[in-house]
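Presented below is the structure to which this report refers.
From a predicted model like this one, the values you see are computed outputs, not experimental measurements. In what follows, every chain begins at residue 1, and chains take the letters A, B, ... in the order their sequences are listed.
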Amino acid sequence: MDKPSLPSGTRDFGPEVMMRRKYIIGVVEETFKRFGFLPLETPAVENLKTLQGKYGDEGDQLLFKILNNGDFLAKADENLLLHRDSKAITQQISDRGLRYDLTVPLARFVVMNRDKIHFPFKRYQIQPVWRADRPQKGRYREFWQCDADILGSQSIANEGDLIQIYDSAFAKLGLKVNIRFNHRGILDAFAPWLQGSVNHNRFMQLIDKADKIGFEGVLNEIKNEAIPNGAEAWSLLHTINSLNTTEEKLKALQNEAAIQHEGLQKGISEISQLLALLKNVPVTNALTLDVTLARGLSYYTGMVMEVVPEDNRIPADFRIGSIGGGGRYDNLTGVFGLKDVTGVGISFGLDRIYDLMEAALLFPHESIQSTAVLFCCMEDSALPAAFGMARNLRDAGMATEVYPGSAKLKKQLDYANNKGIKWACILGEQEVADGTASIKNLISGEQNTIPQSQILQHISQ
RNA sequence: GCGGAUAUAGCUCAGUUGGUUAGAGCACCAGUUUGUGGCACUGGGGGUCGCCGGUUCGAACCCGGUUAUUCGCCCCA
């Protein structure tokens, strides 16, 4: 028989890991709710038509596709089969795929349910997504996103809420981050200077790598690809980015003659509004205007955001990309036939946040608690008494177990020890006869024989 | 899609220039201790050395292929 294995890029999550993942999810979800977002879930499987063409050519390649049921090859085009044209034949033998993110399913949902939805529509969604990417450190083929989006409101107050959500959730998790933001309008202002959208798009791709390969690295690539005025534009962005405050950066942009453009004005105006909104709100993490931030997804049209860890407890060699990102998209539902619905949203990358917190040892002790009390019976005849007492403890909210059967006490205490259970309640002939219980603190080793009615009181101290 | 590394017990890994019966630690089971865990000691189970082929008297070890995993690149959470 073959040894069992997992598909690459997927993981099992054992009990200890799950408790910690649920802890992170709990913090994020609680934060979403506190800002008035309501839950949404959509199917893992979407029609391929819904997914294709939304993430660029590269994205289409990374979609997991599901083979049609039945005799799907019977209906397939013979010519395509003969020429082994995988790409073309895929369209005929696969109608469905696994979702690639949570934003496109949201857009589909909103378009399909426009009659039931009241705008502004605020929803959160915490579910796995799948990408047929090559797995590596911090990158998985199945991973979870925690998204919050607002649809149908142009107000920058939404961006203000989302920044606060990032800030307060990471503060609660105890992970120091830098919330970087930028505005697509600022970058759009460079398009005329760079002579066209092809150059401009390539330029944005290159500058987005700045935090990875540095100013010189980006400069070299721009020179290699001979983007017109690219080197000058990049130098300007870099100079502006080196300024200390957001206000100085905005002023410098305002005064730059080469990039005057309506997008720039919109960007400066919206960023100023955002800062004004946050004036009375304490933000504990760094909030940095980074004019080199572009972000890959092509549908962003306004503010863009990205969260990167900035915590000195993370080991220096533990390099991982961003742990969250988002932005505004003016036209996402447009591809599904609903015009003029603007949206803005953010996402938390659960798996990367987990990896970081694990590496930096940030999980609090409470995040891994399980059973509080284990009843250990010397004889099966003590089990009914244990059941009764366990029921009372459970009703009082204590996680309680009755060891199944009456194995050797050593084995039962071993079990408790391995599971990190604090209290063992030992019941033998003597205790059952006396109406007592021998309750042992497995951390201190202290043991007392007390009336059965006083167990809850004893362990609550 | 491209490049590098790795593959030996459930897990983490040793294994000498190719040479008798492939080891350790952890984990598991039993015992030392008939109702008391963590520590210690004793014993036990568990491996087609990823798979296929080649070289050789002889391969875990050398060579070729293959599969899987993993780390980078592209891109992204």
Could you state the atom-to-atom distance from [atom1] of [X] to [atom2] of [N] in whole Å?
X	N	atom1	atom2	result
Leu374(A)	U36(B)	CG	P	16 Å
Arg134(A)	C71(B)	CZ	P	12 Å
Ile323(A)	C76(B)	CD1	P	18 Å
Tyr140(A)	C71(B)	OH	P	8 Å
Arg141(A)	C76(B)	CZ	P	18 Å
Glu306(A)	A77(B)	CD	C1'	9 Å
Glu379(A)	U34(B)	CD	P	15 Å
Tyr100(A)	A77(B)	OH	P	7 Å

> Starting at the 5' end of RNA chain B, which residue's closest nucleotide do you reach first, Thr10(A) or Asp208(A)?
Replying inline: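 Closer to the 5' end of RNA chain B: Thr10(A).
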>> I want to confirm an ordering. Mapping Leu6(A) and Arg131(A) to their closest nucleotides on RNA chain B, which one lands closer to the 5' end?
In response: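 It is Leu6(A), whose closest nucleotide lies nearer the 5' terminus.
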> Going by atom types only, do Asp355(A) and Tyr140(A) share a side-chain donor-acceptor pair under 3.5 Å?
Replying inline: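 Indeed, the side chains of Asp355(A) and Tyr140(A) share at least one donor-acceptor pair under 3.5 Å.
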>> Would you say Asn182(A) and Asp290(A) are linked by a side-chain donor-acceptor pair, where the criterion is simply a distance under 3.5 Å?
In response: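 No, Asn182(A) and Asp290(A) have no side-chain donor paired with an acceptor closer than 3.5 Å.
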Would you classify [X] as touching base, sugar-phosphate or nothing, given that sugar-phosphate means primed atoms plus P, OP1 and OP2, and contacts are heavy atoms under 4.0 Å?
X	result
Glu431(A)	base
Lys411(A)	sugar-phosphate
Gln61(A)	nothing
Ser322(A)	sugar-phosphate

> Would Arg328(A) and Thr342(A) count as a side chain to side chain donor-acceptor pair (under 3.5 Å) if you check the C-alpha gap in whole Å, the side-chain angles of each, and the deciding distance to 0.1 Å?
Replying inline: CA-CA 8 Å; Arg328(A) 181 170 287 272; Thr342(A) 183; 2.8 Å; yes
> Between Leu456(A), Ile421(A), Ile455(A), Thr400(A), which is the residue that forms a side chain to side chain contact (heavy atoms under 4.5 Å, CB included) with Val373(A)?
Replying inline: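 Result for side chain to side chain contact (heavy atoms under 4.5 Å, CB included) with Val373(A): Thr400(A).
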>> Quick check: any donor-acceptor pair below 3.5 Å linking the side-chain of Asp414(A) to the base of G37(B)?
In response: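 Flag unset: no donor-acceptor pair detected.
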>> Tell me if the side-chain of Gln136(A) makes a donor-acceptor pair with the base of U70(B), cut-off 3.5 Å, by modelled atom types.
In response: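 Not at all, since no donor on one side and acceptor on the other fall under 3.5 Å apart.
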>> One pair to check against salt bridge (charged side-chain N to carboxylate O under 4.0 Å, His left out): Glu46(A) and Arg108(A). What are the steps and the verdict?
In response: CA-CA 10 Å; Glu46(A) 292 274 356; Arg108(A) 176 195 54 69; 2.7 Å; yes
>> Between Lys419(A) and Tyr415(A), does the side chain to side chain donor-acceptor pair (under 3.5 Å) criterion hold? Intermediate values first, please.
In response: CA-CA 6 Å; Lys419(A) 217 168 161 182; Tyr415(A) 173 83; 3.2 Å; yes
>> Please give the stem ranges for RNA chain B, sorted by first residue number, where a stem is three or more consecutive Watson-Crick or G-U pairs and both donor-acceptor distances are under 3.5 Å.
In response: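 Result, WC/G-U stems under 3.5 Å: B:1-7 with B:67-73, B:10-13 with B:23-26, B:28-32 with B:40-44, B:50-54 with B:62-66.
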Phosphate OP1/OP2 of [N]: any [X] side-chain N/O under 4.0 Å:
X	N	answer
Lys408(A)	U33(B)	no
Lys209(A)	C74(B)	yes
Arg139(A)	C71(B)	no
Lys410(A)	G31(B)	no

Between [M] and [N], how far apart are the [atom1] atoms? Round to whole Å, please.
N	M	atom1	answer
G31(B)	A9(B)	P	29 Å
C13(B)	U6(B)	C1'	13 Å
C52(B)	C57(B)	P	23 Å

> Checking side chain to side chain donor-acceptor pair (under 3.5 Å) for the pair Thr42(A)/Gln125(A): CA distance, chi angles, key distance, verdict?
Replying inline: CA-CA 9 Å; Thr42(A) 63; Gln125(A) 187 169 1; 3.0 Å; yes
> Does Phe143(A) lie flat on the base of A77(B), that is, centres under 5.5 Å apart and planes under 30° off?
Replying inline: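 It does: the ring sits over the base of A77(B).
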> Would Glu306(A) and Arg180(A) count as a salt bridge (charged side-chain N to carboxylate O under 4.0 Å, His left out) if you check the C-alpha gap in whole Å, the side-chain angles of each, and the deciding distance to 0.1 Å?
Replying inline: CA-CA 5 Å; Glu306(A) 185 165 285; Arg180(A) 304 163 65 210; 2.9 Å; yes
